[in-house]
Amino acid sequence: MAPKTHISYLDTIRGLAALAVISEHFVIAYGLPCETPLCQQLLDFSPLHIWWDGSAAVSMFFVLSGVVLSLRYFRAGHIPDLSEFHLARFLINRMFRIWLPYLLVLLISTGLFVNTFDSEILRTSLPATDWITGMWHKFPLTPTDMLRESFLLKLPALIVLLPQAWTLSIELVLSLLLPVGLLLAGRGTSWLVFFGLLATSLLGVSIFLLHFLLGMTIARHYTDLTHYLSGRRWQRRLLLLAGLAFYTCATFVPSELVGDKAVWLGSGLGAGLILMFVLGSKDAQRLLSQPVLRQIGKVSYSAYLSHMAILICLTPLVLKFLEGFTENRLALWFGGWLITIACVQGVSLLFYHWLEIPSMRLGRRVTDAIAAIGTPTL
């Protein structure tokens, strides 16, 4: 059985991870919807934390990226088919897929920042934290500073306009390493492991390289995994439970004891186990393929790019509007959260059609033009 080159339910997983990041930023900005210490502990230090566990979601992004980018090259089995891999085409398409939409949203965010920086902070009954109120108020930027944030391959230490862009910088670098990973995968999984450990421990490459390579390994064994797990319900359930435990390990394993890298590795392993469960479960695939969920997945990149600007500029106005109907903290919290999510999805749908699709089409035109001239294959 040859793997599909595009699997819609994997898009849904990315979309749900993006929602977790958005929810985490809302929680950091306005706290949890809790009025008792027990509620606080349940939502903060239990697997229930998963709906706003943005850190684990970042791990899922990188593992998922390794799966999605490499899956098409393992149609015939464990050895990647590189006969149609055009290095220039791949690199250009990745630049247009990630960088160009980022630049366009960065330009929009710059305009909003300039309009916001000197404005008065809107106070609401649901008090905002200094983290969100100071995001575009405490850090003045010169035109040179703004220009530095446009260079996604080397972002400044302090990212103001799109603070979530640090993951995009790593994503772009890791995706550019795909050709190396494919060549190593052709020799065996042990080569990927050796390369990952060498690069992260001695060469200073981001720890998320290991997440990306785990995703490549899952793609390499896609056929075997789907065949083995499809008829083994209890094994799938155990895989899911183990995956959720590792994925949410930050909630019960203090990073002060084991270190941040260990927590990242744990959540990355959990992400990989969850993905393997989904690859082997038809029920999970049907659930994740529902039209509404697929739509969330389709616009997930635009949602990730745009949500901070919405949280900074629009959410306070939403909360102020809701204050005209209720002063109840829980009602304000849930109303603000739901409307923020809805606004992000609406804006993301527009950005997907106006920014993402044109960027991808432009990338294909450029690569087709280069292909007409003739490009080297890997």
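In this structure, Arg232 is positioned above the aromatic face of Tyr228, its NZ or CZ under 6.0 Å from the six-membered ring centre and within 45° of the axis.
Judged by distance alone, the side chain of Ser150 and the main-chain N or O of Leu147 form a donor-acceptor pair under 3.5 Å. Side chain of Ser206 to main chain of Leu209: no donor-acceptor pair is present (N/O by atom type, distance under 3.5 Å, no hydrogens or angles). With hydrogens and angles disregarded, a donor-acceptor distance shorter than 3.5 Å links the side chain of Arg236 to the backbone of Ser230. Between the side chain of Trp264 and the main chain of Ile207, no donor-acceptor pair closer than 3.5 Å is present. Without hydrogens or angle criteria, Ser169 side chain to Leu152 main chain gives a donor-acceptor distance under 3.5 Å. For Ser119 (side chain) and Thr116 (main-chain N/O), a donor-acceptor pair under 3.5 Å exists by modelled atom type. Under a 3.5 Å cut-off, the side chain of Thr248 and the backbone N or O of Thr251 do not form any donor-acceptor pair. Under a 3.5 Å cut-off, the side chain of Gln40 and the backbone N or O of Glu35 do not form any donor-acceptor pair.
Proximity of the aromatic rings of Phe208 and Phe62 is defined here by a centroid distance below 6.0 angstrom, and this criterion is met. Tyr304 has its ring centre less than 6.0 Å from the ring centre of Phe61. Taking the six-membered ring wherever Trp is involved, the centroid distance between the rings of Trp131 and His25 falls below 6.0 Å. You'll find the ring centres of Phe26 and Tyr30 inside the 6.0 Å limit. Separation of the Phe90 and Phe85 ring centroids falls under the 6.0 Å cut-off.
At a cut-off of 3.5 Å, with distance as the only test, no side-chain donor of Glu327 or Ser125 sits close to an acceptor on the other residue. With 3.5 Å as the limit, one finds a donor-acceptor pair spanning the side chains of Ser59 and Ser267. Under the 3.5 Å distance criterion, with hydrogens and angles disregarded, a donor-acceptor pair is assigned to the side chains of Thr189 and Arg220. Using modelled atom types, one finds no donor on one side chain facing an acceptor on the other under 3.5 Å when comparing His137 with Asp118. Judged by distance alone, the side chains of Asp145 and Thr142 do bring a donor and an acceptor atom under 3.5 Å apart.
What you find for Tyr222 and Leu279 is that their closest heavy atoms are CE1-CD2, 3.7 Å. Among all heavy-atom pairs drawn from Leu48 and Leu43, the shortest one is CB-CD2, 4.3 Å. When all heavy atoms are compared, the tightest approach of Leu311 to Thr340 is CD1-CG2, 4.2 Å. Residues Leu178 and Ser70 share a closest heavy-atom pair of CD1-CB, 3.9 Å. Nearest heavy atom pair, residue Ala271 against residue Tyr247, reads N-CD1, 3.8 Å. Closest approach of Gly268 to His211, counting heavy atoms only: CA-CD2, 3.3 Å.
A 4.5 Å side-chain heavy-atom check between Ser359 and Leu104 finds at least one atom pair inside the cut-off. Using a 4.5 Å heavy-atom threshold, the side chains of Ile7 and Leu10 count as touching. Looking only at side-chain heavy atoms (C-beta outward), Leu332 and Glu323 come within less than 4.5 Å of each other. Between Val299 and Gln345 the shortest side-chain heavy-atom distance falls below 4.5 Å. For the pair Leu87/Pro179, a side-chain contact is recorded, criterion being any heavy-atom separation below 4.5 Å from C-beta on. A heavy-atom distance below 4.5 Å is found between the side chains of Leu349 and His353.
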Evaluate the criterion side chain to side chain donor-acceptor pair (under 3.5 Å) for residue pair Thr326 and Asn328; output intermediate values, then yes/no.
-> CA-CA 6 Å; Thr326 180; Asn328 182 272; 5.3 Å; no
Residues Arg364, Phe96; criterion side chain to side chain contact (heavy atoms under 4.5 Å, CB included); working and verdict = CA-CA 9 Å; Arg364 285 194 291 268; Phe96 277 86; over 6 Å; no
Step by step, would you call Ile274 with Met60 a side chain to side chain contact (heavy atoms under 4.5 Å, CB included)?
-> CA-CA 9 Å; Ile274 291 171; Met60 179 62 79; 4.2 Å; yes
Gln41 and Ser46: side chain to side chain donor-acceptor pair (under 3.5 Å), yes or no, with the steps?
-> CA-CA 7 Å; Gln41 292 175 359; Ser46 78; over 6 Å; no
Give the C-alpha distance, both sets of side-chain angles, the deciding distance and a yes or no for side chain to side chain contact (heavy atoms under 4.5 Å, CB included) between Asp130 and Thr133.
-> CA-CA 5 Å; Asp130 292 339; Thr133 57; 4.1 Å; yes
May I have the step-by-step check of salt bridge (charged side-chain N to carboxylate O under 4.0 Å, His left out) for Glu149 and Lys154, ending in yes or no?
-> CA-CA 8 Å; Glu149 292 199 24; Lys154 187 173 176 56; over 6 Å; no
Side chain to side chain contact (heavy atoms under 4.5 Å, CB included) evaluation trace for Leu82 with Leu183 = CA-CA 9 Å; Leu82 303 177; Leu183 289 174; 3.8 Å; yes
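Ile159 and Val58 fall within a single hydrophobic cluster, where Ile, Leu, Val, Met, Phe, Trp and Tyr are joined by side-chain heavy atoms under 4.5 Å apart, directly or via other members. Hydrophobic clustering, with ILVMFWY side chains joined whenever heavy atoms are under 4.5 angstrom apart, keeps Phe194 apart from Val180. Leu16 and Leu287 are not part of a single hydrophobic cluster, where members link through side-chain heavy atoms under 4.5 Å apart.
Separating the CG atom in Leu161 from the CD1 atom in Ile108 is a distance of 12.5 Å, to the nearest 0.5 Å. To the nearest 0.5 Å, atom CH2 of residue Trp99 and atom CZ of residue Arg94 are 13.5 Å apart. Expressed to the nearest 0.5 Å, how far OH of Tyr301 lies from CG of Leu355 amounts to 10.5 Å. Taking OG from Ser23 and CD1 from Ile341, the interatomic distance works out to 4.5 Å, rounded to the nearest 0.5 Å. Atom CG of residue Asp11 and atom CD1 of residue Ile296 lie 12.0 Å apart, to the nearest 0.5 angstrom.
In summary, Glu356 and Lys298 do not engage in a salt bridge, as defined by a charged side-chain N under 4.0 Å from a carboxylate O. A salt bridge between Arg365 and Asp368 is absent, with no side-chain N of the basic residue lying under 4.0 Å from a carboxylate O of the acidic one.
Note: His49 and Trp52 have perpendicular aromatic rings, judged against thresholds of 30 and 60 degrees for the angle between ring planes. Note on ring orientation: taking the six-membered ring where Trp is involved, the planes of Trp51 and Trp337 are perpendicular (angle over 60°, cut-offs 30° and 60°).
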